[in-house]
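Just below is one structure, and these are the notes that go with it.
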Amino acid sequence: MRLTKSDFLHYLACDKSFWLSRHKPALYPSSAPDAYGQFLAKQGDEVETMAKRVLDGCDFQQVFEDSHGVYARADAVRRHGDESIDIYEVKSTTQSIRDHINDFAFQVVAARRSGEKVNRIFGVHLKKEFVRDGDIDPKQLIKITDMTDDVFAVVPEIETLIESALALLAQDRIDEAGCDCRYLSRSNHCATFDYFNPDIPDPSVYTLPRMNGKRLAGFVDDGRYDLADIGLDEVTDSQGRVLEAAHNREPVVDHRFLAEFLNTCAYPLYFLDYETISYAIPKLDRTTPYQQIPFQYSLHVVHSDGRTDHFEYLAECLELPQNLIAHMMRHIGPQGSVISWNKSFEMSRNKEMALMYPEFADFLLGVNARMVDLMDVFAKGYVDIAFNGSTSIKKVLPVMAPDLSYDDLAVGNGTDAMMGWQTFIAMEDGTWRDTLCDDLLKYCKLDTCAMVRLLEEAQKINALAN
Ligand code: SF4
């Protein structure tokens with residue numbers, strides 16, 4: 001059986017999941033790449049094309065394969081007169097290239113096993129600090145890092161692990177009862193967790209937020225997965241709220257928190273949500289690799305007399321956000337709270353835009369100073385086990401306001417919005433473009449409409465206590 005680099009990295013991430021994907025593919029939850037997956041692949045291709053321009057004299061997509069099926073395809077190889085080679089691996093990342101050391105070591109082992117003499121290996125990646133200014137000079141964008149010493153140091157270990165992966169692949173059976181992620185929080189579980197752990201109830205100890213470390217290990221070692229078997233004195237405050245909601249089979253309400261939160265909200269209330277896009281290779285001057293560029297916002301304004309206004313902006317082409325900011329400045333006044341969900345996202349975009357446009361900095365940073373996070377209400381003030389231990393608006397809304405739903409929307413989440421907008425700006429004028437425009441506007445509008453409604457629900461719950 002062939003062992004590719006992707007297989008090996010899968011094996012390193014999880015041997016059981018790797019084995020299942022190869023021996024019982026029908027049971028392995030996988031899906032064809034969606035529009036976002038294709039978008040990311042295209043970004044990778046663009047980085048590779050750019051990298052080729054700085055790798056003169058290399059052969060590209062060089063394959064190494066040995067008689068045991070160890071198979072690698074190097075992005076670029078430079079051959080020397082003494083028959084040795086240098087390997088170049090392209091990564092569309094601005095993060096530490098050292099995160100890919102196992103990946104590089106696999107290439108070296110595969111090359112050696114196919115009879116090559118590897119001289120050096122380099123990581124080819126993006127400079128985080130690159131700022132586009134006109135046509136891109138690849139030498140300014142692309143960084144080449146010599147990884148040879150670090151990679152050669154781990155090669156013996158990787159050779160052993162490759163043998164282990166090949167041995168596992170040859171096995172017809174493995175112990176399918178349980179898996180190591182029982183000791184890790186839900187965010188670490190892959191899609192095969194349920195297959196290997198059919199005995200875990202739902203909800204379970206993994207439904208509790210940030211459940212990990214020694215606390216989780218204790219419950220796993222005791223075999224206590226059911227929330228009914230866990231005491232409130234054994235968990236943190238935030239976990240306790242979810243646990244209590246499960247025990248009582250009714251929402252847990254912290255009236256003091258709710259009252260304090262609502263008191264901090266000053267009218268008019270501005271409910272704000274951005275949609276953004278980012279590109280590995282900056283497409284606009286003044287932007288950096290992977291910079292988030294807001295292309296759309298929705299704003300609901302609720303006045304103290306109950307009147308509600310709605311404003312929105314959708315860029316018609318790829319552009320810097322100065323028009324979006326100017327549009328917002330016409331509708332967000334100097335007084336009143338700005339309400340968002342998971343406010344760190346909107347605040348980060350505002351800080352970035354303030355750096356790009358010092359002339360708008362007072363406005364943008366002023367918005368941040370007035371921003372409150374409605375998500376906190378459903379993390380601390382009102383917790384229902386039906387949220388499934390999550391504070392995502394997509395989990396909270398169906399419970400609190402089932403009449404408002406994302407399900408029927410053609411654009412139903414942030415990724416859809418990003419991909420839809422990519423299509424939208426590339427389309428000719430016409431009915432299809434108009435329809436897509438409507439779909440994009442409806443989605444972002446529902447995000448802020450949902451926040452308006454959720455705040456109203458919080459107000460009603462608070463009123464009941466008074
Ligand atoms: S959930 Fe289980 S199968 Fe999935 S990565 Fe974790 S240990 Fe592996």
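This chain uses plain numbering: 1 for the first residue, then up along the sequence. In each ligand, atom 1 is the first atom listed, and ligand 1 is the first ligand listed.
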Subject >> Steps toward side chain to side chain contact (heavy atoms under 4.5 Å, CB included) verdict (F387, M400) >> reply: CA-CA 9 Å; F387 301 160; M400 301 303 296; 3.8 Å; yes

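- The shortest side-chain heavy-atom distance between N350 and M347 does not fall under the 4.5 Å cut-off.
- Here the side chains of N197 and D199 are in contact, with some heavy-atom distance below 4.5 Å.
- Less than 2.8 Å away from atom 2 (Fe) of ligand 1, the protein contributes these N/O/S atoms: C179 SG.
- Between V47 and A280, the closest heavy-atom pair is CG2-CB, 3.9 Å.
- By the 4.0 Å N-to-carboxylate-O rule, K460 lies too far from E456 to be salt-bridged with it.
- Using a 4.0 Å cut-off between charged side-chain N and carboxylate O, R349 and E275 make no salt bridge.
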